[in-house]
Protein chains: 4
Amino acid sequence: MVSKPAPDATRRSEKSRRAIYAAALALVGEVGYPKTTVEAIAARAGVGKQTIYRWWSSKADVLLEAFLDLAEQAARAAGHAPDAIPDTGDLAADLKAVLRATVDELVDPRFEVPSRALAAEGVVNEQLGREFVAKLLEPQLQLYVARLRSAQDTGQVRADVDPRIALELFVSPLAQRWLQRTGPISYDYTDTLVDYALYGIAPR
Amino acid sequence: MVSKPAPDATRRSEKSRRAIYAAALALVGEVGYPKTTVEAIAARAGVGKQTIYRWWSSKADVLLEAFLDLAEQAARAAGHAPDAIPDTGDLAADLKAVLRATVDELVDPRFEVPSRALAAEGVVNEQLGREFVAKLLEPQLQLYVARLRSAQDTGQVRADVDPRIALELFVSPLAQRWLQRTGPISYDYTDTLVDYALYGIAPR
Amino acid sequence: MVSKPAPDATRRSEKSRRAIYAAALALVGEVGYPKTTVEAIAARAGVGKQTIYRWWSSKADVLLEAFLDLAEQAARAAGHAPDAIPDTGDLAADLKAVLRATVDELVDPRFEVPSRALAAEGVVNEQLGREFVAKLLEPQLQLYVARLRSAQDTGQVRADVDPRIALELFVSPLAQRWLQRTGPISYDYTDTLVDYALYGIAPR
Amino acid sequence: MVSKPAPDATRRSEKSRRAIYAAALALVGEVGYPKTTVEAIAARAGVGKQTIYRWWSSKADVLLEAFLDLAEQAARAAGHAPDAIPDTGDLAADLKAVLRATVDELVDPRFEVPSRALAAEGVVNEQLGREFVAKLLEPQLQLYVARLRSAQDTGQVRADVDPRIALELFVSPLAQRWLQRTGPISYDYTDTLVDYALYGIAPR
DNA sequence: CGTTAAGCGAGACGGTACGTCCTGTCTTCTA
DNA sequence: TAGAAGACAGGACGTACCGTCTCGCTTAACG
């Protein structure tokens, strides 16, 4: 089987790449993911369609990279230490603070529309879903893992607890409410999640 | 504003409706949601396209109703008491049992493809998403609320706990792992979730 | 082979028939023949579609009968002696007078649109074309045959001339200019046709 | 007013154009004009529908150009001197010969179906009708004008006769009999027309 | 320093599906 | 039991995009 020769990445047009990212994010924000078409991205970016198909395999792929790029830029802008979880020694307070910041971000429309679009596509498109998780979600979750490990060292979390599972007690409920709109999102809500997760719902 | 005259529902063809449901579910199972087209549903159901557009507004809408119908039939077949949560007095055991059953269901391809498709569409399409939650998800969640209330009566759960939030501690993590493939799903995993949720991750 | 039982014409609704004729003529006049649909005729006439399909075989058929009815009414209104050709003894004058009247009629939009539509359909649809000719065109032409026969009796036309062919010398050019727009139509033009036809174009 | 940008004609696919002409003519011949659909032409030509709509505005338009192309090819095949009218000095004989050839052509089904279809469409669709006349009919008629002018020079036709009108005396009757089926077509018939037209129907 | 081979903007192409419209049949309810 | 109403299977319409494919044009890197 003959595969088409891979394009020469060294000659790739940086200008086009940036224009495509910008056009893709703008269009998804304006008309939504399903109505965003490759043709429209190309037209808006002032780019031939082939230039898109040469470097990406699909609309979802373009958007994923555009979003990764956006996240990276935002991180860089925030001073190179992106979303590290504070470690004041008070686990409950630290988690509540981070979750409140996450609530704010989830509501920011600059991020909401494209990330919702990517999440939706990832639900149905396994390959993209896995990439989305690996490149965006999991790195974030690992920050919680690190913070929980630190808490285990100070005795605030039991040593036999699996941090990768434990973090889902407060992260997943928030994620589901946002993704599936199963309920409202607020500081109170995330604070409550942290309390329940730390101390359980059974009588102490 | 002029709206097209609503069709007369009393004259609707029951046979066509059933054929459309069957065709839609079959196609989504076979080729996936994005490649399922209204045209193909109509052809497979032996129905004119207009008959679909007369009663539904979109492919997603057809599939939602088809899936609701499927769930209802399944419930009826299961003897009119669909997915009630057992109440043996042992909350932890009851929850673990139900979650293990849920794990089995989530892996059953008969349900997996269409519900994944609907969930994905619901993420991006608010109107459909809300209907999906209201008609399918929330009723299920209310069963947990009821079981947790009963546990509060017997003192197995603290009285000041909000059951609607509490249930998310073990339901949402499972949901997210399934939807977004953020991790593997197993009986061990759900058992662990229940333990963590009941007793917290902090030292007791 | 079983044919569907012919409907009972005695119970036919006169009111519906008239309403259908009126609606068909009005629509053809307003939106043209190709955009006139059976559905629109039925809606405009306040009639079920089946009532049209019960009594006519096609849109063309409806329009043909509607037009015949219109012509008949017009004739009746004109005093029962519709379009007889005058016989003053002066053949040239008589023909010129009739052709001038025909010119006026061809330009009257009340007749123009539907008759143009019927003529067009007749070109392509042999069955309808023959009916159109037999019921509308040929009766008119026979009036010319009669007048030319009378002229043969008075010696104004040679006895060896075939009147059915002779009339085409002045009728067909006018018909073609109107139908196919191969040239302008005027009194001068028809007068000239009569002169050429009577005396030929060769030197006398 | 915004108009869609005109397509770039220099990049047009010659192969597709030819295939579309062939498919259109074949289909019209096989199933008749009304049952010929753009979809079927595209399928038969192995072409996307858009390729048809990009270059033509309607089915009628396609067929008109296909027919013009056919006529042109036929003319070229016939040795570049297509349908010139002979000039032997004997006007009557020349006209009879040409009309006999026309009779043969009108009966040839290769030409009959498409030209009948075009003529019909032209009756009802003014824009197309005018183009049909200008590009196909009138050029043919001008050949008669030329021949009649030559006859005026030799004194076989009176100098005061308008040749453009005179030719209709024998051409239009034939056209009408063919188009509207108002009568049979034969060599005898066309011979008679020429005689009547030249010498008139009045006694000499 | 001209050649050459890639990437590029542009957009025509063969296709697929869209959502609308109409056909001619069939069914239900009304007068 | 004819007729008004309109749902139905079917199928064409004209549009929008898909992903592929040429076109010239620009722009490096190489010979």
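Lettering of chains follows the sequences in order, A, B, ..., and the numbering in each one begins at 1.
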Report task. Would you mind telling me which residue lines up with the more 5' stretch of DNA chain E, D:Pro7 or B:Ala40, judged by nearest nucleotide? Result -> D:Pro7
Query raised in the report: Does a side-chain heavy-atom distance below 4.5 Å link B:Asp69 with B:Arg17?
Result: yes
Query raised in the report: Out of E:dT25, F:dT15, E:dC8, which nucleotide sits closest to the side chain of D:Tyr53?
Result: F:dT15
Report summary line: Scanning both residues in full, the closest heavy-atom pair of A:Leu118 with A:Leu128 reads O-CD2, 3.9 Å
**Report entry** Polar side-chain atom of D:Arg181 near backbone of C:Gly122 as donor-acceptor pair, under 3.5 Å
**Finding:** yes
Report task. Return the 5'-most residue of the pair B:Asp8, D:Val38 with respect to DNA chain F, ranking by each residue's nearest nucleotide. Result -> B:Asp8
Query raised in the report: Are D:Tyr53 and D:Val38 close enough that some pair of their side-chain heavy atoms sits under 4.5 Å apart?
Result: yes
Query - Nucleotide F:dG19, atom C1' - distance to CD1 of A:Ile41 in whole Å - result: 14 Å
Report summary line: Whole-Å distance, C:Asp61 CG to E:dT23 C1', equals 16 Å
Report task. Round to a whole Å and report the spacing from CD1 of A:Ile20 to P of E:dC8. Result -> 8 Å
**Report entry** Separation of atom CD in B:Glu14 from atom P in F:dC8, rounded to whole Å
**Finding:** 11 Å
Query raised in the report: Tell me: NZ of C:Lys15 to C1' of E:dA31, nearest whole Å?
Result: 11 Å
Find every protein N or O atom lying less than 3.5 Å from an N or O atom of nucleotides 14-16 of chain E, and list the pairs.
| unit_1 | atom_1 | unit_2 | atom_2 | d |
| --- | --- | --- | --- | --- |
| E:dG14 | OP1 | D:Ser16 | OG | 2.8 |
| E:dG14 | OP2 | D:Gly48 | N | 3.4 |
| E:dG14 | OP2 | D:Thr51 | OG1 | 2.8 |

Protein-nucleic acid N or O pairs under 3.5 Å, nucleotides 27-31 of chain F:
| unit_1 | atom_1 | unit_2 | atom_2 | d |
| --- | --- | --- | --- | --- |
| F:dT27 | O2 | A:Arg11 | NH2 | 3.4 |

Query raised in the report: Does the cation-pi check pass for B:Lys59 over B:Tyr33, that is, NZ or CZ under 6.0 Å from the six-membered ring centre and within 45° of its axis?
Result: yes
Query raised in the report: A:Arg44 has an atom CZ; how far is it from atom P of E:dG9, in whole Å?
Result: 17 Å
Requested in this report: Taking only the side-chain nitrogens and oxygens of C:Trp55, find out if one of them lies under 4.0 Å from OP1 or OP2 of F:dG3.
Outcome: yes
Query raised in the report: Got a sec: does the CZ of A:Arg110 have more than 12 other heavy atoms crowding it under 6.0 Å?
Result: no
Query raised in the report: Do A:Trp56 and A:Ile20 touch side chain to side chain, with heavy atoms closer than 4.5 Å?
Result: yes
**Report entry** Whole-Å gap separating P (E:dG19) and NZ (B:Lys59)
**Finding:** 9 Å
Requested in this report: Taking only the side-chain nitrogens and oxygens of C:Trp56, find out if one of them lies under 4.0 Å from OP1 or OP2 of E:dT23.
Outcome: no
Report summary line: Taking for C:Ala43 and for D:Thr36 the nucleotide of DNA chain F with the nearest heavy atom, the one nearer the 5' end belongs to C:Ala43
Requested in this report: Can you measure from CZ (B:Arg54) to OG (B:Ser16) and round to the nearest 0.5 angstrom?
Outcome: 9.5 Å
Report task. Using the six-membered ring of C:Trp55, assess whether NZ or CZ of C:Arg11 lies under 6.0 Å from its centre and within 45 degrees of the ring axis. Result -> no
**Report entry** Protein-nucleotide distance (A:Tyr33, atom OH; F:dC17, atom P), rounded to Å
**Finding:** 15 Å
